[in-house]
Structure formats: structure tokens, C-alpha cells
K.L.:
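Structure incoming, see below.
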Amino acid sequence: MAPTNSDIWAQSIMCNDNMRRRFNDEQIKSLENMFETESRPELRTKQQLAKRLGLQPRQVAIWFQNKRARSKSKQLELEYRMLQISYDNLGSKYELLKKEHESLLIQLQRLRKLMEKDEIEKDVIKSETEVKQDDFGLPLALCEDSRGIDYLGPESDILDMAQIADGLSEIENGYNFESRTFLHDNTGCTSPLWEF
DNA sequence: TTGTGTTTTATTGCCTCC
DNA sequence: GGAGGCAATAAAACACAA
């Protein structure tokens, strides 16, 4: 036979002392204050606190246990948010570096075209010189520049540029990428960020 | 009022330490 | 082996939209 409402009410009165009740504001305040100074108080402290607040020592012990669990999960949540922020920052930095990389590649292409053009010009000059040798039957000075032998002409500038271009090629090919340190910074993660 | 999600109190089972 | 802590979970209390 199912219990009537009055049966349930009578039972609730009988069990009143065992019923679960939320702690009042004063009890919570005292427990919180104690937790601030000591999150894992000794048995004696818990007993004294329980007596003062009119609670069972076990209730106080359980409250501290639950409080520690709540506190831990809040802390974890906070750490997660901080990590997310630093992850986002890292993503922004990556995008900036990517753009910088792209502009360097464009610069590299321009330099290569410049070198090709210069090679063609050099070839033209060379063939013209050979023609002059034929006219006089004697070898002509290769360079009559007043700056003398120390100055090697625009070719040396192009050579320097070529060296830079070689370095950039390595970057282009994924070698010698100085920013690898960046990839390891903050995250401690060794996996490539190219997977963004 | 009621259904539903969240918070709080309490229990259980396992682990560690003395 | 007992005491106490922790993680997982149950269940009561509460908040709140519809």
C-alpha cells in the first residue's frame, strides 16, 4: 500500500533531525573564514568549530572536503582560461610570422628576377668585349673603372644579395628557421604549429 | 506550477600514511 | 589496521524560465 501524504509528513517530522539542511549564513561564513586560513584543519579544530556552530564534527569534515574539491575545480577552470588566452596570443604571433614569411618570399622572388636580368646584361657586355678584341687583335682591360681592383662592380652587390637569397631559400625549404625558439616558447610543445 | 539545470550536503569506495 | 583524504556520485535544496 502506497504511503499517504500524512504518512510522509509524519515520517519527515520523525526524521527531522536527520534531514538534510543547508547550513545557515553564519555557519557558512565561519567555515569560509576557517578555510581561508587553513584548508585542511586538524581534527581538534574541526571539533571545536563544529561545537561552536552546532554541527556534527563529521558535517564540518565533509564541508571541508567538498570545499577543497570546489576550490580545486575553480582553480583548474582559472588555469584553463589562462592557458586558452596564451594559446590565442600564440596563434596571433604565428599569423604575424606567417605574413612576414610570405613577404620575405615575395622579396626573394624579386631578387631572383633581378639576378637573372643582371646575368643577361653581363652576357651582352661580355660578347661586346669579345668583338672589340677581334678589332685590335690585343686583349683589352676587363675593367677600366677608376675605383680600381678593390671595387668589383655591381656584381659583388648582386653576390651579397644572392647570399641573402640562399639563406631565404633555406627558410623557404623549412631549414634553419630561427623562429623555432618561438615555437617552443610558452607552450613547451614540440609539435609544429603549422597544423593551426 | 512545473520541468530542468545548478549548487550543496552526504555517501561510498579506494588509496596513502603512520 | 585505522584515520583521513580524494574522486565519483547520489540526492536534497534551490533558482529560474516558460
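FYI, side chains are in, hydrogens and waters are out, and symmetry mates aren't considered; it's all heavy atoms of this structure. Numbered from 1 within each chain, the chains take letters A, B, ... in sequence-line order.
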K.L.:
Can you check whether A:Lys99 reaches A:Tyr94 side chain to side chain, under 4.5 Å on heavy atoms?
P.N.:
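Sidechains of A:Tyr94 and A:Lys99: no contact.
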K.L.:
Without swapping roles, check the side chain of A:Glu38 against the backbone of A:Arg40 for a donor-acceptor pair under 3.5 Å.
P.N.:
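Between the backbone of A:Arg40 and the side chain of A:Glu38 there is a qualifying donor-acceptor contact (under 3.5 Å).
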K.L.:
Taking atom CZ of A:Phe64 and atom CG of A:Leu49, what is their separation to the nearest 0.5 Å?
P.N.:
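Rounded to the nearest 0.5 Å, the CZ-CG separation comes to 6.0 Å.
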K.L.:
Measuring only between side-chain heavy atoms, which start at C-beta, is A:Lys93 closer than 4.5 Å to A:Leu96?
P.N.:
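A:Lys93 does not reach A:Leu96 side chain to side chain.
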K.L.:
With the side chain counted from C-beta on, respond yes when A:Arg52 and A:Ser30 share a heavy-atom pair under 4.5 Å apart, and no when they do not.
P.N.:
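Of all side-chain heavy-atom pairs linking A:Ser30 with A:Arg52, at least one is under 4.5 Å.
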K.L.:
Under the 3.5 Å rule, do the base of B:dT8 and the side chain of A:Arg70 count as making a donor-acceptor pair?
P.N.:
no
K.L.:
Reckon A:Lys67 touches a base, only the sugar-phosphate, or nothing at all at heavy-atom distances under 4.0 Å?
P.N.:
nothing
K.L.:
Is a side-chain N or O of A:Gln27 found less than 3.5 angstrom from the main chain of A:Leu53, in a donor-acceptor match?
P.N.:
yes
K.L.:
Check whether any side-chain nitrogen or oxygen of A:Gln59 sits under 4.0 Å from OP1 or OP2 of B:dA10, and answer yes or no.
P.N.:
yes
K.L.:
So, is A:Trp63 close to the B:dT8 phosphate, meaning a side-chain N or O under 4.0 Å from OP1 or OP2?
P.N.:
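No, A:Trp63 has no side-chain N/O under 4.0 Å of OP1/OP2 on B:dT8.
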K.L.:
Return no unless some side-chain N or O of A:Arg21 is found under 4.0 Å from OP1 or OP2 of B:dT8.
P.N.:
no
K.L.:
Using whole Å, report how far CG of A:Leu53 lies from P of B:dT9.
P.N.:
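After rounding, the gap between these two atoms is 12 Å.
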K.L.:
Could you tell me how far apart A:Arg58 (CZ) and B:dT8 (P) are, to the nearest whole angstrom?
P.N.:
20 Å
K.L.:
Name the first nucleotide and the last nucleotide along DNA chain C (5' to 3') that come under 4.0 Å of a heavy atom in chain A.
P.N.:
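From 5' to 3', the first and last contacting nucleotides are C:dG4 to C:dC14.
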K.L.:
Report the distance from atom CZ of A:Arg40 to atom C1' of B:dC17, rounded to the nearest whole Å.
P.N.:
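Those two atoms, CZ and C1', are 13 Å apart.
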K.L.:
Please determine whether a side-chain nitrogen of the Lys or Arg among A:Lys122 and A:Glu119 lies less than 4.0 Å from a carboxylate oxygen of the Asp or Glu.
P.N.:
yes
K.L.:
What's the CG-C1' distance between A:Asn24 and B:dT8, to the nearest Å?
P.N.:
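Rounded to whole Å, this separation is 14 Å.
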K.L.:
Rounded to whole angstrom units, what separation is found between the CD atom of A:Gln65 and the P atom of B:dG13?
P.N.:
15 Å
K.L.:
At under 4.0 Å between heavy atoms, what does A:Ile28 touch on the DNA or RNA strands: base, sugar-phosphate, or nothing?
P.N.:
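Since only primed, P, OP1 and OP2 atoms lie under 4.0 Å of A:Ile28, the category is sugar-phosphate.
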